[in-house]
Each structure stands twice: as structure tokens, then as C-alpha cells.
Amino acid sequence: MAKYYYLIHIQYLGFRYHGWQKQPGVKTIESMIEKTTGFVLGHTRFKILGTSRTDSKVSANHSVFELFVDEALDIDKLEKDFNLNLPNDIRVLKVEQTDNVFNIIQAPKIKEYLYFFACNEKIHPFCAPLIASFPDSLDIELMNQGAALFKGEHNFVKYCTKPNPGAIFTRIILCSEIERNTIFTANFFPERTFVFRIQSKGFMRNQVRLMMGQLLSLGRGEISLKDIESSLEGQDEAPLRYIAPASGLVLNKIQFKNGKP
């Protein structure tokens, strides 16, 4: 059907949505974008395809979807029309034309996720969409040592819920570290907040939140560094049970390695 192809760069606050993927009976990012696209174009002769299926309440500082249509579009007008009609918690950053050679799913890419959190206090309710709050006293230095263990190539079979048949559990983590948060700030944020930064070519369902769950267990003294090392050997396939809350997780950026976009 498609003769024209456009990459739409977006950001969104996922707190009131049931994730990216369209589902019956619930509000999702994909369904909202489809509805807005139909209104903006004035027809339904289009298809959209996202590059990341974020979970319920997960936000994105930068994500991308591809729009397939049978007509040439003015990209400046399309960006303006999207932002005039999308709700305030979804914004188009940029629109660019691509071609039928580019495949948004198969194109080599690096994804960076950030998990924002605070500890030792009850945080302001306005923080809830972006920061996970833990009343525990956490050993941040030890958690950072644990995060470093994820870096490199490992078997993450324990770090995936409901894997698809034939799923590949060996993944390469390019960056994994915990640092003080200076990325997002507000006058109602706690004085000290932290961020778990992780990069890879791709992640499995709930992988980052399960990894964060292990780091929280480590920071509380419930497990050791050796336990994390053992969990990455692939000998025990029983999935981990503790999944960190979704609202602290942000898809920070998607970088295509072949120059697009």
C-alpha cells in the first residue's frame, strides 16, 4: 500500500497510558497516535509501526515510529498538525521522510533506558510519574558495583517475563551504571535522586525493571554481588520475581547506527 514513508520522533509521559501497544478497552500511546493520525490526514489509509513497545506507565524522552501512507506529505505541516491535536502528554519532536529500504524494526539501533529513583523518604506526589520512591536505606555504591556486572555479554534468561518462543536470551549491555540524577529536575524533587542508566541494542519484556529489582535487593542487603553474577550464567532459568515499579522507567533515546534518522 505504502508509497511514502515518514519517521516520527516523539516523546510522551506514560503515566496514564497502558503502554505503547494498542489493546482493546484501554488507552495506549499507539491508539492515541492512530486516532490523531486519522484526524490529521482525514482518512485511514495509513499504517504506523513503532520501534519500542514500552510498558504501562513507562515514559519516553525519545522514541520513533514509522508512518506509511499513499500520498506525499508536507513534513513541517504534519509536525504542526500532530502537536495541535495530540494530548499534552504526547509531543512530536521531528518528522523526516525515509524510504522503503529502511526498516524501523530491523535497522541496527541502540536504546538507552533510564530508571529514576529516590530512597529514605516519602517523596512529593507530583514526582510519581517519573521517580520511583523507596523508603529503604539503599547502599548506592554497592548498587553501582552490581550495575557494572551487567555490562558485557550475558545470558538474561532470568530477566524476562513471558518470553516469546525462540527468544534469544544472550544480550550485550553496552552501558550499565548508577549515578546522581542531574537529567530531570524540579523544585518538588527530593534533594538527592539517582538514575540507573543502561544501553543495549534491544531489551526483553520487563528486562530493565527486573535488573533494577536485583539492584534494589542488592542495595537493601538481601542479595550479594555473587548472586547477581550467578543470575547471569544461564544455568537457572527460573524468572526473577521482583520487578521494580514501572513509573520510574524512561526510554531516553533511540540511536540508529546507520545514520538514520
Side-chain angles (χ1 to χ4, degrees), residues 1-100 102-107 109 111-114 126 128-130 161-162 164 184 202-206 208-209 245-256 260-261:
M1 177 204 75
K3 295 182 180 178
Y4 299 91
Y5 312 82
Y6 299 89
L7 293 176
I8 319 293
H9 300 251
I10 59 171
Q11 57 187 185
Y12 53 83
L13 183 67
F15 196 64
R16 71 185 185 104
Y17 295 94
H18 284 73
W20 163 267
Q21 189 171 7
K22 185 168 59 175
Q23 306 169 54
V26 296
K27 184 178 294 184
T28 70
I29 300 293
E30 184 180 33
S31 62
M32 185 62 68
I33 287 175
E34 272 198 358
K35 180 179 179 181
T36 304
T37 303
F39 180 80
V40 166
L41 297 181
H43 60 75
T44 58
R45 302 186 311 276
F46 65 87
K47 177 183 176 182
I48 68 171
L49 187 61
T51 188
S52 289
R53 296 181 178 181
T54 49
D55 293 332
S56 178
K57 294 189 177 182
V58 175
S59 299
N61 189 44
H62 174 230
S63 189
V64 187
F65 71 90
E66 190 167 5
L67 173 64
F68 305 81
V69 291
D70 60 0
E71 59 185 318
L73 302 174
D74 182 324
I75 59 176
D76 292 331
K77 183 177 186 302
L78 184 61
E79 178 182 339
K80 180 179 179 182
D81 288 346
F82 263 126
N83 284 328
L84 281 174
N85 292 283
L86 283 167
N88 287 335
D89 48 10
I90 305 176
R91 179 170 71 152
V92 169
L93 299 170
K94 180 173 65 172
V95 178
E96 58 184 335
Q97 189 167 3
T98 184
D99 53 43
N100 63 347
F102 179 76
N103 185 313
I104 196 170
I105 301 299
Q106 299 298 326
K109 64 181 76 69
K111 297 181 181 180
E112 179 178 87
Y113 277 92
L114 304 175
F126 290 0
L130 286 176
T161 58
K162 299 179 181 179
N164 294 323
F184 295 146
F203 296 93
M204 297 175 290
R205 183 179 301 167
N206 288 329
V208 177
R209 290 168 59 198
S247 57
L249 186 58
V250 175
L251 173 59
N252 190 46
K253 62 183 177 181
I254 296 177
Q255 179 181 349
F256 292 91
K260 289 179 176 288

Exercise for the section: Give a yes or no answer on whether the side chain of Ser59 reaches the backbone of Gly14 with a donor-acceptor pair at less than 3.5 Å. Expected result: yes
Fill in the blank from the handout: Here the gap from Thr98 atom OG1 to Leu7 atom CG, rounded to the nearest 0.5 Å, amounts to 5.0 Å
Practice task
Mind listing the closest non-hydrogen atom pair of Arg209 and Pro245 along with its distance?
Solution key: NE-C, 3.9 Å
Practice task
Could you tell me whether the side chain of Gln11 and the main chain of Asn61 form a donor-acceptor pair under 3.5 Å?
Solution key: yes
Completion exercise
When every non-hydrogen atom of Gln21 is compared with those of Thr28, the smallest separation belongs to O-CG2, 3.1 Å
Exercise for the section: Supply the atom-to-atom distance Ile10 CD1 to Ile29 CD1, rounded to the nearest 0.5 angstrom. Expected result: 7.0 Å
Practice task
Taking atom CG of Asn103 as the centre, report whether more than 12 heavy atoms of other residues, nucleotides or ligands fall under 6.0 Å from it.
Solution key: yes
Problem - Check: Gly202 main-chain N/O paired with Lys109 side-chain donor or acceptor under 3.5 Å - result: no
Handout entry: Validation row, ring centre Tyr5 to ring centre Phe102 under 6.0 Å
Key = no
Problem - Exercise: identify the closest heavy-atom pair between Val92 and Asn83 - result: N-OD1, 2.8 Å
Practice task
Identify the residue among Leu84, Asn85, Leu78 that makes a side chain to side chain contact (heavy atoms under 4.5 Å, CB included) with Phe82.
Solution key: Leu78
Practice task
Decide yes or no for Gln23 and Glu30: does some side-chain heavy atom of the first lie under 4.5 Å from some side-chain heavy atom of the second?
Solution key: no
Practice task
Enter the distance from Glu112:CD to Phe203:CZ here, rounded to the nearest 0.5 Å.
Solution key: 9.0 Å
Problem - Check: His62 side chain, Ile254 main-chain N or O, donor-acceptor pair, under 3.5 Å - result: yes
Problem - From Ile104 atom CD1 to Leu49 atom CG, the distance as rounded to the nearest 0.5 Å - result: 6.0 Å
Problem - Trp20 side chain near Ile33 side chain, heavy-atom distance below 4.5 Å - result: yes
Handout entry: Short side-chain to backbone donor-acceptor contact, Tyr12 and Tyr17, under 3.5 Å
Key = no
Exercise for the section: Apply the side-chain hydrogen bond (donor to acceptor under 3.5 Å, both in side chains) test between Glu71 and each candidate in Lys3, Arg45, His43; give the one that qualifies. Expected result: His43
Fill in the blank from the handout: To the nearest 0.5 Å, atom CD of Glu66 lies from atom CD1 of Ile48 at 11.0 Å
Handout entry: Arg205 side chain near Asn164 side chain, heavy-atom distance below 4.5 Å
Key = yes
Practice task
Compare all side-chain heavy atoms of Thr54 with those of Leu249 and state whether any distance is below 4.5 angstrom.
Solution key: no
Handout entry: Check: Thr36 side chain, Met32 main-chain N or O, donor-acceptor pair, under 3.5 Å
Key = yes
Problem - Backbone N/O of Thr51 and side chain of Lys111: donor-acceptor pair under 3.5 Å - result: yes
Practice task
State, with a plain yes or no, whether a side-chain heavy atom of Ile75 is found less than 4.5 Å away from one of Glu79.
Solution key: no
Exercise for the section: Evaluate the criterion side-chain contact (heavy atoms from CB on, under 4.5 Å) for residue pair Leu73 and Tyr4; output intermediate values, then yes/no. Expected result: CA-CA 8 Å; Leu73 302 174; Tyr4 299 91; over 6 Å; no
Exercise for the section: Step through the shown structure and confirm whether more than 12 heavy atoms of other residues, nucleotides or ligands are within 6.0 Å of CZ on Arg16. Expected result: yes
Completion exercise
Rounded to the nearest 0.5 angstrom, the CG-CG distance for Leu41 and Asp81 is 9.0 Å
Exercise for the section: Could you tell me which non-hydrogen atom of Glu34 sits nearest to which non-hydrogen atom of Phe46, and how far apart they are? Expected result: O-CZ, 3.5 Å
Practice task
Please tell me if the side chains of Leu13 and Leu130 come closer than 4.5 Å, counting only heavy atoms from C-beta onward.
Solution key: yes
